[in-house]
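Take a look at the structure set out below.
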Amino acid sequence: MPAPHHQSPATITELQETLADWFERTARPLPWRAPDRTPWGVLVSEVMSQQTPVARVAPVWLEWMDRWPSPAAFAAASTADVLRAWGRLGYPRRALRLQECAQAVVERHGGEVPEDEALLLALPGVGAYTAAAVMAFAFGRRSVVVDTNVRRVLARTVGGDALPMPALTAAESARAARLAPVADDDAALWAASSMELGAVVCTARAPACDRCPVSHLCAWRAAGYPPDEHAGRRRTQTWKGTDRQARGTVMGALRASHGPVARRVLDDLWPDAAQLSRCLGSLVEDGLVEQVTGDGAVADAAYQLPGGAGAQD
DNA sequence: GAGGCGTGGCT
DNA sequence: TAGCCAAGCCT
């Protein structure tokens, strides 16, 4: 069943052209949008921005690109340095995958980010969104970029709904593909401008419709702002006492330490010993942590970031 | 396809 | 206050 489509082709065209003009006037000067940007810089920014607000990404990205300006430079870094540079961006497995990605770019593509969506998609840590985003934002090529911002903007302006479904549906993907302009530069600008609208105006909590350049075209507004039909069906994420919190606590301690951290130190940070053991095991399994001593005796074990104590504070 | 996976700001 | 939310990916 196709998603409801409340807009005429002429309205879609006006939506695209209005957003393009608005974007070119008001786009945020994000560092990875600078004229001297590189495909590698764009790819790094996209991976860092997966589930992390861009305001937190920007300073890390600047340091990162200064230190490792190319895939080849980054591919040779130590895991401990990579994880410390990643800092508190969250989901540190992304940092490991980004390095695997750099290594794959060197091995498969001679150190150059490929201008090919299928080859991008085959890289570690690169999914449908990131591959499409790199095609559009690094190469100016047509692609169908569907992130949480685009989903919300299309749900409102075209679908007339307050919010999209909790998970991406086939109907949504089909609608996004249908709406993407044919020409490379038009499609790339549409991807950037529809994302930007969702990020700075058409936000989830408090959309700024009074500042929206396309409010006069918006199907949700025309329908009288009906409330979210799926309210309550969105599962709330528990946090306190979870393995995720325990893993984050361990990673924070290891990032902050020059040398190995003893198990008894970690015991003081996380009192549930069984859960701590389980999480240390999963962190080692993930390649985020290395056990350096212990010889099987839990009480004598110590842990560090893989590859050594690190070269900086 | 549902669930796991960090972190911090905002309401 | 305690959820909700943020340029997803992988299994």
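In the text below, chain A, chain B and the rest are named by the order of the sequence lines, each starting its count at 1.
Side-chain N or O atoms of A:Ser257 include none that pairs as donor or acceptor with a backbone N or O of A:Leu254 at under 3.5 Å. Using a distance-only test at 3.5 Å, with no hydrogens or angles considered, no donor-acceptor pair links the side chain of A:Ser143 to the main chain of A:Val145. Although no hydrogens or angles enter the test, the distance criterion places no donor-acceptor pair under 3.5 Å between the side chain of A:Glu46 and the main chain of A:Ala131. Looking only at distances, a side-chain donor or acceptor of A:Arg37 sits under 3.5 Å from a matching main-chain atom of A:Phe137. With hydrogens and angles ignored, the 3.5 Å screen pairs a side-chain donor or acceptor of A:Gln7 with a backbone N or O of A:Leu217. A donor-acceptor distance shorter than 3.5 angstrom exists from the side chain of A:Ser70 to the backbone of A:Ala73, with no hydrogens or angles considered. For A:Arg94 (side chain) and A:Gly125 (main-chain N/O), no donor-acceptor pair under 3.5 Å exists by modelled atom type. With A:Arg211 contributing its side chain and A:Val201 its backbone, the two residues share no donor-acceptor pair below 3.5 Å.
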What nitrogen or oxygen pairs link the protein and nucleotides 9-11 of chain C at under 3.5 Å?
from, atom 1, to, atom 2, distance (Å)
C:dC9, OP1, A:Gly127, N, 2.9
C:dC9, OP1, A:Thr130, N, 3.0
C:dC9, OP1, A:Thr130, OG1, 2.6
C:dC9, OP2, A:Tyr129, N, 3.3
C:dC10, OP1, A:Gly125, N, 2.8

Is there any protein nitrogen or oxygen under 3.5 Å from a nitrogen or oxygen in nucleotides 8-11 of chain B, and what are the pairs?
from, atom 1, to, atom 2, distance (Å)
B:dG8, OP1, A:Arg88, NE, 2.0
B:dG8, OP1, A:Arg88, NH2, 3.3
B:dG8, OP2, A:Arg88, NH2, 2.9
B:dG8, O4', A:Arg56, NH1, 3.4
B:dG8, O4', A:Arg56, NH2, 3.4

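Note on A:Trp86: nothing from the nucleic acid sits closer than 4.0 angstrom, heavy atoms only. Among the heavy atoms of the strands lying under 4.0 Å from A:Arg28 is at least one base atom, whether or not backbone atoms are also near. Contacts of A:Ala204 with the nucleic acid, taken as non-hydrogen atoms under 4.0 Å apart, involve only primed sugar atoms and P, OP1 or OP2. Across all strands shown, A:Thr148 has heavy atoms under 4.0 Å from sugar-phosphate atoms exclusively, and none from any base. Within the 4.0 angstrom heavy-atom criterion, no nucleotide atom of any strand lies near A:Leu288.
Taking atom C1' in both C:dC5 and B:dC5, the straight-line distance is 16 Å, to the nearest Å. Nucleotides C:dA6 and B:dG1, compared at atom P, are 22 Å apart to the nearest Å. Atom name P, nucleotides C:dC9 and B:dG8: the rounded distance is 23 Å, in whole Å. Taking the P atoms as reference points, B:dG3 lies 16 Å from C:dC4, given to the whole Å.
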Dot-bracket line, read 5' to 3' along DNA chain C, where crossing pairs take [ ] and | marks a partner on another strand, Watson-Crick or G-U under 3.5 Å: .|||||.||||
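With sequence neighbours left out, A:Thr79 forms a side chain to side chain contact (heavy atoms under 4.5 Å, CB included) with A:Leu83, A:Leu96, A:Gln99, A:Pro306. Shown here are the side chain to side chain contact (heavy atoms under 4.5 Å, CB included) partners of A:Glu196, two or more places apart in sequence or in another chain: A:Trp22, A:Phe23, A:Ala27, A:Arg28, A:Arg33, A:Val200.
A 6.0 Å sphere centred on CZ of A:Arg264 holds no more than 12 heavy atoms belonging to other residues, nucleotides or ligands.
Side-chain atoms of A:Arg244 and base atoms of B:dG6 include a donor and an acceptor less than 3.5 Å apart. Between the side chain of A:Thr242 and the base of B:dG4 there is no donor-acceptor pair of N/O atoms closer than 3.5 Å.
When side chains are defined from C-beta on, A:Gln304 does not count as touching A:Val261, because their heavy atoms never get closer than 4.5 Å.
With rounding to whole Å, A:Met165 atom CE is found 11 Å from B:dG1 atom P. Rounded to a whole Å, the OH atom of A:Tyr91 is 15 Å from the P atom of B:dG3. For A:Arg33 and C:dA7, the CZ to P distance is 12 Å, given to the nearest whole Å. Whole-Å rounding puts the A:Arg94 CZ to C:dG8 C1' distance at 8 Å.
The aromatic ring centroids of A:Trp86 and A:Trp64 lie less than 6.0 Å from each other.
Residues from residues 181-198 of chain A lying near DNA chain B, meaning a heavy-atom separation below 4.0 Å, are absent.
In summary, A:Asp185 and A:Arg142 do not engage in a salt bridge, as defined by a charged side-chain N under 4.0 Å from a carboxylate O.
In this entry the base of C:dA6 is anti relative to its sugar, with a glycosidic angle more than 90° from 0.
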